[in-house]
Amino acid sequence: MKVEKHYLLLLLLTCVAIFFVNLSALPVNIMEARNFITAREMLTDGNWLLTTINGQPRYQKPPLPTWLTALSAAIFGIKTVWALRLPAAILSLILVLTSYKFAKRLTSKNLYAFISALVTATSFYIVASARDGQWDIYTHGFMMVCIYLLFKFFTETKYKVQNALLAGLFFGFSFLSKGPVSLYALLLPFLIAFGVVYKYKDFKSRWLPLVGFLVVAGVVSSWWHWYTLNFDPAAVEITKKETTNWISYEIKPFYYYWSFFTQSGVWTIPAFIALLYPYLKNRVFNKKAYLFTFLWTMASVVLLSIIPEKKSRYLLPVLIPMALNTGFYVAYLFQRFRDLRDKRETYPVYFNFGLIAFIGIIFPIGGYIFLKDGLAGNWHWFVLLAITLFIISVFIYRNLFRRNISKVFYLTIVFIVAIIWFGLPLSSAITINPEYKPYSELQRFGTNKNLKIYEFSNMTPELIWDYGEKMPILKVDDEVTIPKESKFGVMVSDNNHENFEEAFSSFDKEFIVRYDMNPKGADSRTHKDRLYRDLFIVTKK
């Protein structure tokens, strides 16, 4: 049996192992909570087009990811976290498989395509986004399909109309996921790199299908924005606020992204070396394709660096062409590492994979020291992880010393799979808060006491998501709404106690308990004020 014939199946199984296992292991974060609340209100209130969060308009982000999330929730259950994250995992799978097909068409080399797709699937931010039910992986996953179809459109003579129209459809899906983000950070750099390296040839025969692409892309991208602007004028101000964030929020210097290769995780050193164009250009098997992926990567970084607002997670689109670029270096090592004698070429390889293996070797001891306080009930996961990582690391060292880089590379993939399978369930061992009290208990408390619960101010998405339904907010701007009930509950954040006392000075107030959803206790520097509230029972005199 030739392994080469089964690369696509092996890649599929690898993605399933990395993206789909233990999807509910980590707690819901703030970005996910916003998406999940909106999906819940789609199902409970029917707000599919005029989307809401906690009953208020939510038009900052387009709705396609939330539609997919709501569909999965409708099938598997609105409280099932893995189901809410499932569409993101599926889009990540599509992204990786499309990258494989793209790399194969770019170079006609199956092994290179397989290597680069594995690098894509195991790059840190790709893995994190695949297991996170927010918007980024959707917009870039759909755009990668668009790019693949556009590449075929510009390089083939057959099916030009079909490829152009389908590319426009997936462009629209990307836009309906996070607006122009992927257009700017992934597609535009691709078009620049393609134009420099391959040129736009035989354009006369392509202009009409290209018009079709633009029409389909424009209609699919804009219809929801047109709908909200016409049926809810408040969307204008909300959208304006989101747009101004690009130039007024999270401002970072131009060079902030220039350690971007570190976001690939275990591939940090190979990714950096692959970006040393003068060194690698005469060593790769396809110089033209390598120049293309190099320019695509660098153009993406430069364009992102121009935007004043910067966050590390915005580097996700850079990792896609960078994985293709890194694949050229890894393919070179597969072919030549046994014969390399220059220490400047061998030492970085020994260091990169040796460090990974070293972590696995010391984990049984180091992991125990770090996790020992939270291992009660988690011992089986720790033992499985410690034994698995130790064995994998021994084999990595063995093959590294034998200069068998292909086996070292694949063992590194297995190393990551082991962490996903046996390490993620250990997350509860490092999230210890003796005062932890979830909002889901508050919902039951209100039901049992027949008590309406209100938030005094400042809605926190994670809390509202865990509460399980909308929670009205009493203080909006400087105005406080007094509930009609004679007795009700109010959740008050730490910085709002004085305002709460003033607003309800003529009422009887009884402190009941603190609901704290921080994963770590109050003595931890990661303990956040926004993740806890004090419950007061307020009674009219």
Side-chain angles (χ1 to χ4, degrees), residues 95-96 98-120 123 140 143-144 146-156 182-203 206 257-264 267-306 315-337 340 342 344-345 348-349:
L95 168 63
V96 173
T98 304
S99 296
Y100 170 79
K101 299 290 286 185
F102 181 90
K104 186 176 177 181
R105 189 166 293 273
L106 179 68
T107 65
S108 300
K109 296 289 185 180
N110 290 345
L111 178 59
Y112 160 75
F114 185 55
I115 290 170
S116 60
L118 285 175
V119 173
T120 303
S123 292
H140 301 307
M143 188 58 79
M144 190 59 196
C146 169
I147 287 171
Y148 172 63
L149 292 165
L150 284 178
F151 185 81
K152 292 175 66 178
F153 170 72
F154 285 124
T155 58
E156 297 179 359
S182 200
L183 160 63
Y184 181 79
L186 192 60
L187 177 60
L188 181 56
F190 161 79
L191 294 174
I192 292 171
F194 185 90
V196 171
V197 178
Y198 295 105
K199 316 298 182 186
Y200 293 100
K201 301 174 182 178
D202 193 23
F203 202 81
R206 305 181 197 278
Y257 284 140
W258 289 83
S259 59
F260 62 93
F261 49 88
T262 62
Q263 304 303 328
S264 60
W267 311 117
T268 293
I269 293 176
F272 174 74
I273 295 174
L275 292 166
L276 301 176
Y277 181 77
Y279 159 73
L280 201 58
K281 65 177 182 178
N282 294 321
R283 290 172 168 84
V284 297
F285 67 89
N286 188 324
K287 186 183 296 187
K288 198 171 186 178
Y290 169 61
L291 174 61
F292 165 69
T293 61
F294 171 78
L295 291 177
W296 186 3
T297 304
M298 298 309 297
S300 181
V301 176
V302 170
L303 289 174
L304 283 171
S305 297
I306 293 171
L315 283 171
L316 175 62
V318 178
L319 299 184
I320 298 168
M322 189 169 71
L324 296 168
N325 196 65
T326 305
F328 283 106
Y329 174 59
V330 177
Y332 165 70
L333 293 178
F334 271 37
Q335 184 179 17
R336 294 293 307 280
F337 191 74
L340 292 179
D342 189 335
R344 291 173 297 179
E345 291 198 78
V349 178

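Taking both residues in full, the closest heavy atoms of Met298 and Leu275 are given as SD-CD2, 4.1 Å, listed atom of the first, atom of the second, then distance. Here the closest heavy-atom approach between residue Leu304 and residue Tyr257 is recorded as O-CE1, 3.5 Å. Of all the heavy atoms in Ser182 and His140, the pair that sits closest is OG-ND1, 2.9 Å. Residues Ala274 and Tyr329 share a closest heavy-atom pair of CB-CB, 3.8 Å. Minimum heavy-atom separation, Ala289 to Asn286: N-OD1, 2.9 Å.
Residues Phe285 and Phe328 place their aromatic rings such that the two centres sit under 6.0 Å apart. Taking the six-membered ring for Trp and the full ring otherwise, the centers of Tyr100 and Phe114 sit at least 6.0 Å from each other. The aromatic ring centres of Phe151 and Trp296 sit 6.0 Å or more apart.
Residue Leu319 holds its CG atom at 12.0 Å from CG of Asn325, rounded to the nearest 0.5 Å. We find the CD-CZ distance between Gln335 and Arg283 to be 12.5 Å, quoted to the nearest 0.5 Å. Interatomic distance, Phe154 CZ to Leu150 CG, rounded to the nearest 0.5 Å: 5.5 Å. Residue Phe102 holds its CZ atom at 10.0 Å from OG1 of Thr107, rounded to the nearest 0.5 Å. Here Ile115 contributes atom CD1 and Leu333 contributes atom CG; the two are 9.0 Å apart, rounded to the nearest 0.5 Å. Distance CD1/Ile320 to CG/Leu324: 9.0 Å, rounded to 0.5 Å.
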Verify side chain to side chain contact (heavy atoms under 4.5 Å, CB included) between Phe337 and Glu345, making sure each step is shown before the conclusion.
CA-CA 9 Å; Phe337 191 74; Glu345 291 198 78; over 6 Å; no
side-chain hydrogen bond (donor to acceptor under 3.5 Å, both in side chains) evaluation trace for Trp267 with Ser123
CA-CA 7 Å; Trp267 311 117; Ser123 292; 4.7 Å; no
Can Leu106 and Thr293 be said to form a side chain to side chain contact (heavy atoms under 4.5 Å, CB included), step by step?
CA-CA 10 Å; Leu106 179 68; Thr293 61; 4.1 Å; yes
Please test Thr155 against Phe194 for side chain to side chain contact (heavy atoms under 4.5 Å, CB included), starting from the C-alpha separation and ending with a verdict.
CA-CA 10 Å; Thr155 58; Phe194 185 90; 3.8 Å; yes
Kindly indicate, with the supporting measurements, whether the criterion side chain to side chain contact (heavy atoms under 4.5 Å, CB included) is fulfilled by Lys281 and Leu291.
CA-CA 8 Å; Lys281 65 177 182 178; Leu291 174 61; over 6 Å; no
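The ring pair (Phe, Tyr, Trp, His ring centres under 6.0 Å) test with Phe272 is passed by exactly one of Trp258, Tyr279, Tyr277, Phe261: Phe261.
Ring geometry, Tyr200 versus Phe203: the interplanar angle exceeds 60°, so the pair is classed perpendicular (tilted spans 30 to 60°). The aromatic rings of Tyr198 and Phe292 sit perpendicular to each other, their planes meeting at more than 60°, with 30° as the lower class boundary.
Surrounding NZ of Lys104 are at most 12 heavy atoms belonging to other residues, nucleotides or ligands under 6.0 Å away.
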